[in-house]
Amino acid sequence: MASEPERLELLSALARKVLWLSSWTIHHANHIRPNADGLKVGGHQASSASLATIMSALYFSVLRPEDRVAVKPHASPVFHAIQYLFGRQTRDKLENFRGFKGAQSYPSRTKDTDDVDFSTGSVGLGVAQTLFASLVQDYVKAHGWMKDRPEGRMIALVGDAEMDEGNIFEALLEGWKHGLRNTWWVVDYNRQSLDAVVREGLWEKFQSMFRNFGWDVVIVKYGRLMRTAFAEPGGEALKSWIDACPNAMYAALCFQGGAAFRKHLQDEIGDQGPVSQLIDRRSDDELLALMSNLGGHDMASMCEAFESIDHDRPVCFIAYTIKGVGLPFQGHKDNHAGLMTVTQMEKWRAAQNIRPGHEWEKFEGLFQEPAKLEAFLAQVPFNRDGRRRLSAPVIELPERLSFKPSPVMSTQQGFGLVLNEIARGDSELAARIVTASPDVTVSTNLGAWVNRRGLFARAEKADLFRSEKIPSTFNWDFSPKGQHIELGIAEMNLFILMSALGLSHQINGERLLPVGTLYDPFIERGLDALNYACYQDARFMVAATPSGITLAPEGGAHQSIATPLIGMAQDGLAAYEPAFVDELAVIMGWGFEHMQRESGEGGSVYLRLSTRTIDQPQRIVTPELQKGITDGAYWLRRPGPNAEVVIAYTGAVAPEAIEAIGLIGESRRDIGLLAITSADRLHAGWTAARSLRRDRRGLPHLSHIEKLLAPLPRECGIVTVIDGHPATLGWLGSVRGHRVEALGVEQFGQTGSIDDLYRHHGIDANAIIDAAESLTAGAPVRHRKMAV
Ligand SMILES: Cc1ncc(C[n+]2csc(CCOP(=O)(O)OP(=O)(O)O)c2C)c(N)n1
Ligand SMILES: [Mg+2]
C-alpha cells in the first residue's frame, strides 16, 4: 500500500499524464491526422484541461465500480485519456479522435467503446440524467431488486455555464420532491463559458440554490499551495486579494503569467511588509504556480473534498479552476476554441519531458517508476470488476394484450383500458412496467393503472381523501411498491426520467418497461431530452395524447401539427398513430417486445393518440392483420384491379376517410382504403429496402409499402389524410410514381368543434372527395357529406 504522500504523488502524476494525453489527442486530430473536412477541433483543449485533476481524483481514487458518471461534453478527451490509461481505450481510436469510428468528441454510450455511462453533448441533459438515474436506483431498490449490489453514486461533471440550462433547475425541484440521494454534481468553476467570463459571485447563487433544494454544498477554492501560503505571515492579505479579484482579471493574469501577477499585486496591495515578502520570496514561476493552485487543480484538496462525504445526501461541489490550465492560453477569454500551435506544442512537449515519437506512451515523461504507476493503476477500485455495463433478461410477454371492448371509443381510452387489463393480472410484464406523467396522469387515462398499482415513493403515504372517506375516483396512495412516478409539469423531466428508467437494465442490471404519458403538443417542450434519451438507446414507450386538432375546443397551443414528422424523423423511436383500439393493443404488445430487443434492432415507441371517440370495428385480428398493423399499414378496403383512386389515412380521421370512401364509391371504380398505423415504419421500411437492394445489387427485396401499392394501376391517384402535417404521408406517391393529394393541418390555434375544424382545415369527407375528384377524370362525385 502506498503511503498518503506517495498516493497523492502518483495521482498527481497521472493527472499530468491525463492532461498531456487529452491535449495531444486534440493536437493530433488537428495537426497530425486532421479530419478530411479540415475542421479544427474547437472547444476541447481549454475546456478539458480544467477537469484533468478533478477527473483523475475521481476515476483513479474516489469512484467505485457501481458509480455512474456524466462527463461534461468538452471533457471527452480527458475521459478517453483516463480510459486509455486503464487499457480500455485504444491508441488508434484516440489518434482518430472525431474521425469515423474514432473516439467521440462528446462521450457517447452508443458510439464510444470505452465504458461511457451517460452520453453528453447537449449541455444540461447529462447533468439531469444523473439525478433521475439515482431516483431509478431507489425505485429498483425499493422493489427489492438491488439484491446485494451496493448503491452507486450518480455523478455529473458540470460546466459552470452549463448551469444556465433550465432543465437542470427543473430536475433539481423534482429531485427535492422525491428525496434525492446519492447524487454528486461537481461544478467546474472556471468562470468561463464559450463566449465570455461569467458574472461575479455566481458561486453564491449556486450555493444558496442548492442548499435551498436540500443539497450539501462543498466549495473547493484553494489548493494546498495556497493554503500553506495563507498560513505564512501576510497570507491573510493575499487571500483577501484573491477573494476580491474579479473573475475576468484573475483569468487575464493567469494568462499573462507570474510577472503580471507580481506587478498587479504590488500595485494593488502596495508595500505591506509581510505580504510583500511572501510574494518576493517566490520567483515568477513559483508565483504563477501558487496563484493557479486553485482547489480544482490540487489533487490533495479534491481527494479531501470527495473523501469527506460520509452520507448519501446530494452534494454539489464547486471546484475553482482555470480554463485551459497549464496550457499557453490558460485563462484567455477567447480560449474556448483555442488550440495550441505546433510551436507551442513543441515547447510544451519539451517542458513535459516527452520525446518526439513517444507521445502515446503511457508513462513517458513521468519520473515515477513505470512499475509503480502500473501497479497503482491495477489496484484502482473503479476498475476492479472489469465491465461495468450490466444486462438483464428479456421480460416475457403475454401472447396478446386485451382490453374491455366498447363499440365507441378513443385511442386514449383504449390505452387506459389496455394498461388496466395488464394491471389486473400478475404477469412479469405488469411487475416491470413503470409509468410516469408530468401532471397529466388522469387526463391521459392512466388513472385506472395507478388505482391498481399505486404511486411510488420511498416512504408510505396514504391518500388523505381515502382515509377521510371522501369519495374520489382515484386512489392516490404512495408506497415503495408503487409503480407510477408522478412528476411535476416539466416535460423535460419526463423524458430524462424515461431515459433513466429505460437504461435500468444496463445501469442496475434490472429491466424496467417505462411508459410515459403527456399531451402531444408538449413533446416539443421536451424534444431535446427525448432526442437525448433515444441517442443513449434508452428504451421506453410514450403515449402522447390528445393530438392534432381533435381536442378542437381547446384551440390555443394545445394542438399539435409537427409531431408526426418528429415521430418519423426521430432516430431510435418507432412512431405509431392507430385509429382503432384493437390496433393499439397490437402495437403496445409489439412495443414491449421492441423495447427489449438488442441494440441496433430495438428502440423506443411513440404512440400518437387521440381523445376523439369513434366507432370501433367488430373484427377478429388475424395474424395477417396483426402484421399489417405493426408493419405500418393494411388495406381496410382492398382496391380492385382498375382502381382510380385510393384514400390513405392515419389516426383519428378514420371516420372521414371511411365516409368519403362510401360517398365516392358510386362514381369511381375499384377504390381502396389504406389504413396507415405508422408512416414512420412504412417510410423506414421503404428506405431500408432501397439500401438493401443497393447493397445486394438488385436482389428483389420489396418493402411493405411497395408491396401494398404494387397492384395499383399507374394512373390511380392517392389522397392522403392525417390530423397533422400533410408531409407525413405526402411521400407515398414517390413509392411507385402515383399522383398524390396530401391533406392535413398546417395552421393551429383555431377553436371550434371537430366538425368545424376538420372542415376549416380541409380534412373532412368533402375535402377528401374534392381531392379525389382532382386526381381522377370523370363526372363530379354525386354525393356529398351534408352540413350538420
Ligand atoms: C444545449 C447546448 N447549447 C449550446 C452548446 C454549445 N456549447 C458547448 S460548451 C458551451 C459552453 C461551455 O461553458 P461551460 O459549461 O462553462 O464549460 P467550459 O468550457 O468552461 O468548461 C456551449 C455554449 C451545447 N453543447 N449544448
Ligand atoms: Mg466554464
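Counting starts at 1 for both ligands and their atoms, following the listed order. Excluded from the calculations below are hydrogen atoms, water molecules and symmetry mates; all remaining heavy atoms, backbone and side chain alike, are included. None of the values given here were measured: they were computed from a predicted structure. Positions are given from 1, in the same order as the sequence printed here.
Set against the non-hydrogen atoms of Gly159, the atoms of ligand 1 under 4.0 Å away are 14 (P), 15 (O), 16 (O), 17 (O). Ligand-side atoms of ligand 1 in range of Ser122: 1 (C), 26 (N), range being under 4.0 angstrom from any heavy atom. Atoms of ligand 1 lying under 4.0 Å from at least one heavy atom of Ser193, given by number and element, are 13 (O), 16 (O). Listed by number with element, the atoms of ligand 1 under 4.0 angstrom from any heavy atom of Lys72 are 18 (P), 21 (O). Those atoms of ligand 1 that come under 4.0 Å of a heavy atom in His74, given as number and element, are 8 (C), 9 (S). Counting atoms of ligand 1 from 1 in the listed order, those under 4.0 Å from a heavy atom of Glu165 are 1 (C), 2 (C). Near Asn190, the atoms of ligand 1 lying under 4.0 angstrom from a non-hydrogen atom of the residue are 18 (P), 20 (O), 21 (O). Counting atoms of ligand 1 from 1 in the listed order, those under 4.0 Å from a heavy atom of Ala161 are 13 (O), 14 (P), 15 (O), 16 (O).
Counting heavy atoms under 4.0 Å from ligand 1, residue Glu162 touches it through both backbone and side chain. With a 4.0 Å heavy-atom cut-off, ligand 1 is reached by the side chain of Lys323 but not by its N, CA, C or O.
Checked against the 6.0 Å centroid criterion, the rings of Phe317 and Phe206 do not qualify as a close aromatic pair.
Closest to atom 24 (C) of ligand 1 by heavy atom, among Gly121, Ala49, Pro73, is Gly121. Of all the listed residues (Asn167, Leu194, Val197), Leu194 holds the heavy atom that lies closest to atom 23 (C) of ligand 1.
Under the 30°/60° scheme for interplanar angles, the aromatic rings of His44 and His74 are found to stand perpendicular.
A salt bridge does not link Lys93 with Asp112: every distance from a Lys NZ or Arg NE/NH1/NH2 to an Asp or Glu carboxylate oxygen is 4.0 Å or more. With salt bridges taken as basic N to acidic carboxylate O contacts below 4.0 Å, none links Asp537 and Arg109. Salt-bridge check for Glu304 with Arg227: passed, with a basic side-chain N closer than 4.0 Å to an acidic carboxylate O.
Nearest approach of Thr321 to Arg191, heavy atoms of both residues: O-NH2, 3.0 Å. Counting all heavy atoms, side chain and backbone alike, Pro564 lies closest to His725 at CG-N, 4.5 Å.
Atoms CG and CG, on Leu173 and Asn493 in that order, are 8.5 Å from each other to the nearest 0.5 Å.
At least one N/O-N/O distance between Gln192 and ligand 1 falls below 3.5 Å. Between Asp160 and ligand 1, an N or O atom pair is found at a separation short of 3.5 Å. Taking only nitrogen or oxygen atoms, main chain and side chain alike, Asp528 does not reach within less than 3.5 Å of ligand 1.
Neither side chain, Asp298 nor Tyr320, offers a donor N or O lying under 3.5 Å from an acceptor on the other. A side-chain donor-acceptor contact under 3.5 Å links Ser437 and Thr517.
Just one of Phe382, Tyr84, Phe306 meets the ring-ring contact (aromatic ring centres under 6.0 Å, His included) condition when paired with Tyr59; it is Phe382.
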- Derivation of the side-chain contact (heavy atoms from CB on, under 4.5 Å) call for Leu135 and Met154: CA-CA 10 Å; Leu135 296 183; Met154 304 297 164; over 6 Å; no

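Leu8 places a side-chain heavy atom less than 4.5 Å from the side chain of Arg224.
With sequence neighbours left out, the salt bridge (Lys or Arg N to Asp or Glu O under 4.0 Å) criterion links Arg389 to no other residue.
Each protein N, O or S atom less than 2.8 Å from the Mg ion (ligand 2) was counted, giving 3.
Not a single heavy atom of Met163 sits under 4.0 Å from any atom of ligand 1.
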